[in-house]
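Only one structure is covered here, and it is reproduced in the block below.
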Amino acid sequence: MNQKLKIADKEFTSRLFTGTGKFSSSKLMEEALLASESELITVALKRVDVQNDEDDILSHLKQSHINLLPNTSGVRTAKEAVFAAELSREALGTNWVKLEIHPDPRYLLPDPIETLKAAEELVKLGFVVMPYIHADPVLCKRLEEVGVQCVMPLGAPIGSNKGLKTQDFLEIIIEQSNVPVIVDAGIGAPSHAAYAMELGADAVLVNTAIAVSQNPIAMAKAFKIAVQAGRMAFEAKLAPVSKKAAASSPLTSFLN
Amino acid sequence: MSHFKTLFDTYNWDFTLASIYDKTPVDVKNALAKDKLDLEDFKALISPAAKPFLEQMAQKSQQLTKKRFGNTIQMYAPMYLSNECQNICTYCGFSMTNKIPRRTLTDAEILKEVAFLKNKGYDHILLVTGEANRTVGVNYLKNAIQLIRSQFSNITIEVQPLHQEEYELLVQNGLYAVLVYQETYHREEYKKHHPKGKKSNFDYRLDTPDRLGKAGIHKIGLGALFGLEDWRADSFFTALHLQYLQKTYWKTKYSISFPRLRPHSGGLEPKVEMTDADLVQLICAFRLFNEDVELSMSTRESEIFRNHIVNLGITSISAESKTNPGGYAVAPQSLEQFEISDERSTETIVKMLKNNGLEVVWKDWEQFESV
C-alpha cells in the first residue's frame, strides 16, 4: 500500500487528481472520474452556476469520497482571482482553490507575477492555495514562503498531451520543495504519469488525456494504475541507472 | 501605436490572390505534415490544390478541435435590438434605402425577448443593431448591457464600430466580446457595397479590432462576408488580421465567423460563389492554421451542413435565431435582416449535438470583477 498524501488537513489515498472539462457528457464524466478513483477533482468556476443546486456538472460530483477543487480559470489578474476564490468559498463551501491565472488565452500559460500576488493574499484570507505555475524552481520557493500548501508546476502546456517537457526543472522542484509537488498539465499518457511519480512527484493532475480519449472510462483506470505503479516504484527506490555495463577489466584491479 | 493598416498596406490584393491559386499539391502536403503552420501554409490549404486533401484536412481539424476544446460546443443566441440604420449596404435587409418598418426595442421589450431566450436555456448572448448613432449609440448599448447583465454570464455585441473610450466604457459595464467583420478586405469592392454612411470608411472599420484590443476587450470576432469578393483572398486577409492581433493584443481571445450571403428583401446575388465544400475547406484550414481560435456557426447554413460541420472544427453555434428586432417574442412577424436557413428549435439542435457526441455548454464565463 502506497503512503497517503497529505495536503493541508486532508489525506488522499489516490495520487491521481482529475478535472471535469472536455467530456462529451456529464454522465460520462462522472463514470470516468469514478473509475479513476480520484479524490480531488477540479472544476472551473466559470463553467458552473454556483447558485444553482441542479447545476449539471456539480450534480454529478456528489459522491462522498470526492473533494471539489474549484479553479479560477478565466481570470487575468490577482484581483480577479481573489474575487473568484471568495465567490467559490461562499457558494461551494470549500476554502480550497486551484489558483490559475493565465492572461494568455492561447497556451493558457500562468502569469507568475500575478499568481504570487494572489497566492499571498489568498493564504492570508485562509484559503488552501494550490497554484498552477511554470516549472520554475525559484517561483516554487517564493510561493512556499508565502504559505501555499502545494505547488502545481506544468509538464507541458495545458491540453498538449506532450508529457514532461519540463523534466529537468521538475526534478529540481521536487528536490527542493517542502510542500507537495503536483505535476499539472501536459500529461498525455499513463506512462507520463507513471514517470512523474517515479521522479518523486507527490501527485499528478490529468484531464484532457482522459476526457478526449476514445474510451474515457478505460483511460481513467489506466491512469489510476499508472499513478499507483509509479508511486510504488518511487517508494521502493528505483535501481540506479548506468549508461555502460560494468567493465570486465577494471582499471583499478591492480590494487587487489 | 500599432495599427493593422500598416501591415495590410504592404499587401496587394491581386498578387495575393494569384499566390493562393499558384499553390501546388506539394505545398498542401507540406502544410498537412506540419504542427505549426504559417500564412503560406494557410494559403496552400485554402487553394484549389487542397481540394483532393479535404478528407485529410477534416480528420486533422476534428482531432485538433477535440484536443483543444474537448467534446463540447458552446451555445449562443443573437438578439436584434434595432434595425434602424444610416448606412447603405448593398447586401443588407436593414440598408437605409430599404422601405421597411424601423424599430428599436425599449427596455420592456428587451426584457421580454430576454425572458424567451432564458427560457430556452441561453446564457451567452449576442446583441445586434444597425448603425444609427442617435438612437442606438453607446448610451443605448450601455443601458441594454446593464439591463440584462444579471441574466447572462457572457454578453457580445455586433454593432457599428465605436471609439476606444466607448469600448472601454462598455467593457467596464460587463461587455465580453465584440464581433466586427470587415465584410471584404478588397478596398475598391468595399466602397461599391458601402456607398453611403459611416460604414463607407474602410480604414476606420479596419482599425476597429486595434481599438478593441487597446480597450482590453476579452474577445474579438473577425470575418468576411463571403460572396462580395473572392473568398480565398478575403480569408487570407482575415488570417493575416488574426495573426497580427494575436501577437499584438495577446490577452484577447479571437473567434472567426463564416457568413455567406443569404437572401433578403432587395437582395444581392453573390459575385463569387462559395460552395459547401469550399466552406468546409476554409473551416478546416482555419483550425489547422490556428488550434485555439474559436470558430462559430450561425443559422445561415442548412440543417444538413450544420449537422456535419459541428464535428469538423466548429466550437460555438446558435439555434432558431431571429434577425429582426423583437423577433422572438415582441414582434415575431416583422421583416428579418436576412432569412436564416436552419430553423430548427433549440431543443432539436441540442439533441442533434448530443447525438454527435457533444456536450452542450451553456455557461463558460463568469464576471470575476467587482463592478
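Residue numbers start from 1 in every chain, and the chains themselves are labelled A, B, ... in the order their sequence lines are given, proteins ahead of strands. Keep in mind that this is a model prediction, so the values were computed, not measured.
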Side chain, backbone, both or neither: which part of A:Leu45 has a heavy atom under 4.5 Å from chain B?
both
A:Thr77 portion near chain B, given a 4.5 angstrom heavy-atom threshold
neither
Crowded around A:Lys165 NZ? As in, over 12 foreign heavy atoms under 6.0 Å?
no
Evaluate the criterion side-chain contact (heavy atoms from CB on, under 4.5 Å) for residue pair A:Val48 and B:Glu366; output intermediate values, then yes/no.
CA-CA 9 Å; A:Val48 298; B:Glu366 183 85 42; over 6 Å; no
Note: vs chain B, highest number of non-hydrogen pairs under 4.5 angstrom among A:Pro103, A:Gly159, A:Ala81 is A:Pro103
Need one label for B:Glu291: side chain, backbone, both or neither, based on atoms under 4.5 Å from any heavy atom in chain A.
neither
So, for A:Ser24 and B:Gly357, which heavy atoms are closest and what is the spacing to 0.1 Å?
CB-O, 3.0 Å
Looking at B:Val361, B:Asn71, B:Val293, which has the largest count of heavy-atom pairs under 4.5 Å with chain A?
B:Asn71
Counting neighbours of NZ on B:Lys118 that are heavy atoms of other residues, nucleotides or ligands and sit closer than 6.0 Å, is the number greater than 12?
yes
Pick one of side chain, backbone, both or neither for A:Thr208, based on which atoms fall under 4.5 Å of a heavy atom in chain B.
side chain
Might you confirm whether atom NE2 of B:His308 has over 12 heavy atoms from other residues, nucleotides or ligands at distances under 6.0 Å?
no
Closest approach of A:Phe23 to B:Thr72 (non-hydrogen atoms, all atoms of both residues):
O-CG2, 3.9 Å
Indicate yes or no: at least one non-hydrogen side-chain atom of A:Pro105 is less than 4.5 angstrom from one of B:Tyr254.
no
Are more than 12 heavy atoms from other residues, nucleotides or ligands located less than 6.0 Å from atom NZ of B:Lys120?
yes
Distance in Å, B:Gln246 CD paired with A:Arg106 CZ, rounded so as to fall on 0.5 Å steps
3.5 Å
Can you say whether A:Ile158 sits under 4.5 Å from chain B via the side chain, the backbone, both, or neither, judging by heavy atoms?
neither
In terms of heavy-atom proximity below 4.5 Å to chain B, should A:Arg47 be classed as side chain, backbone, both, or neither?
both
B:Lys363 side chain reached by A:Asp55 side chain, heavy atoms, under 4.5 Å
no
Is chain B contacted by the side chain of A:Ala84, its backbone, both, or neither, given a heavy-atom distance below 4.5 Å?
both
Is the number of heavy atoms from other residues, nucleotides or ligands within 6.0 Å of CD (A:Glu90) greater than 12?
no
Would you mind checking which part of A:Asn207 comes under 4.5 Å of any heavy atom in chain B, side chain (CB onward), backbone (N, CA, C, O), both or neither?
neither
B:Arg68 backbone acceptor or donor facing A:Lys22 side chain under 3.5 Å
yes
Crowding at CZ, B:Arg344 (>12 non-hydrogen neighbours, <6.0 Å)
yes
For B:Phe116, look at atom CZ and say whether over 12 heavy atoms of other residues, nucleotides or ligands are found less than 6.0 Å away.
yes
CG of B:Asp35: more than 12 outside heavy atoms within 6.0 angstrom?
no
Testing the basics here: between B:Glu359 and A:Ser26, what is the closest heavy-atom pair and its distance to 0.1 Å?
OE2-OG, 3.0 Å
Partner chain A: residue of B:Lys219, B:Lys66, B:Lys354 with the largest heavy-atom pair count (under 4.5 Å):
B:Lys66
